[in-house]
Amino acid sequence: MQIIIEEQGDRCAIIAADLATTTTFPLNIPGDALRQGLRTILAAHEAKDYTIPDGPSFVRQPDGITVVTVAGRFAIPYAHAFPLVL
């Protein structure tokens with residue numbers, strides 16, 4: 001599986017793709033804001049969650065970070081989260 005952040009102007013989308021399927025999770029924030037939110041939750045080991053004002057929430061799970069919006073949630077395993085923020 002590959003997870004990427006696709007820039008879409010003042011918005012972005014998290015895209016997960018493997019050989020059989022592609023999943024797109026659109027967000028109403030720019031890609032830089034998404035990366036900064038991921039960096040913040042990953043850097044604060046004691047934090048259980050972090051919310052971007054007028055944007056998604058990031059929730060720490062045992063196996064990764066879950067991005068939560070009113071439209072749904074998208075789980076990013078730690079193995080994929082770290083490369084997204086570098």
Side-chain angles (χ1 to χ4, degrees):
M1 175 186 291
Q2 180 182 18
I3 297 178
I4 63 167
I5 298 172
E6 180 181 86
E7 301 288 340
Q8 300 174 340
D10 62 345
R11 298 171 164 241
C12 70
I14 303 171
I15 299 176
D18 61 20
L19 295 174
T21 62
T22 299
T23 303
T24 302
F25 188 71
L27 297 165
N28 62 352
I29 60 170
D32 288 341
L34 174 61
R35 286 182 193 88
Q36 185 58 42
L38 286 169
R39 279 187 201 103
T40 299
I41 191 78
L42 289 169
H45 301 289
E46 69 286 347
K48 301 239 184 269
D49 57 44
Y50 171 73
T51 300
I52 294 177
D54 298 325
S57 295
F58 301 86
V59 180
R60 183 180 303 277
Q61 304 292 336
D63 57 345
I65 303 297
T66 301
V67 181
V68 181
T69 68
V70 295
R73 53 184 55 229
F74 190 96
I76 303 173
Y78 287 119
H80 296 281
F82 290 105
L84 287 177
V85 300
L86 297 177

Using side chain to side chain contact (heavy atoms under 4.5 Å, CB included) as the criterion, point out the one residue from Val67, Thr24, Thr23 that pairs with Ile14.
Val67
ILVMFWY cluster, [X] and [Y] together (side-chain gap under 4.5 Å):
X     : Y     : result
Ile4  : Tyr78 : no
Tyr50 : Val68 : no
Leu38 : Ile15 : no

Taking atom [atom1] of [X] and atom [atom2] of [Y], what is their separation to the nearest 0.5 Å?
X     : Y     : atom1 : atom2 : result
Asn28 : Gln8  : CG    : CD    : 11.5 Å
Leu34 : Ile76 : CG    : CD1   : 6.5 Å
Arg35 : Thr40 : CZ    : OG1   : 13.5 Å
Leu27 : Ile5  : CG    : CD1   : 8.5 Å

Apart from Val70 itself, residues in the same hydrophobic cluster as defined by side-chain heavy atoms under 4.5 Å:
none
Non-hydrogen atoms of [X] and [Y] that approach each other most closely:
X     : Y     : result
Pro77 : Ile3  : CD-CD1, 4.0 Å
Thr22 : Ala17 : OG1-CB, 3.9 Å
Ala79 : Pro83 : O-CD, 3.3 Å
Cys12 : Gly31 : CB-N, 3.6 Å
Pro30 : Glu7  : C-OE1, 4.4 Å
Phe25 : Gly72 : CZ-O, 3.7 Å

Do Thr69 and Pro26 have side-chain heavy atoms sitting under 4.5 Å apart?
no
Does a sphere of radius 6.0 Å around CG in Leu19 hold more than 12 heavy atoms from other residues, nucleotides or ligands, not counting ones at 6.0 Å or beyond?
no
Is it the case that over 12 heavy atoms from other parts of the model lie below 6.0 angstrom from the CG atom of Asp54?
no
Kindly list each side-chain donor-acceptor pair under 3.5 angstrom involving residues 55-66, sequence neighbours excluded, with atom names and distances?
residue, atom, partner, partner atom, Å
Ser57, OG, Thr51, OG1, 2.9
Arg60, NE, Ala47, O, 2.8
Arg60, NH2, Ile41, O, 2.1
Arg60, NH2, Ala44, O, 2.8

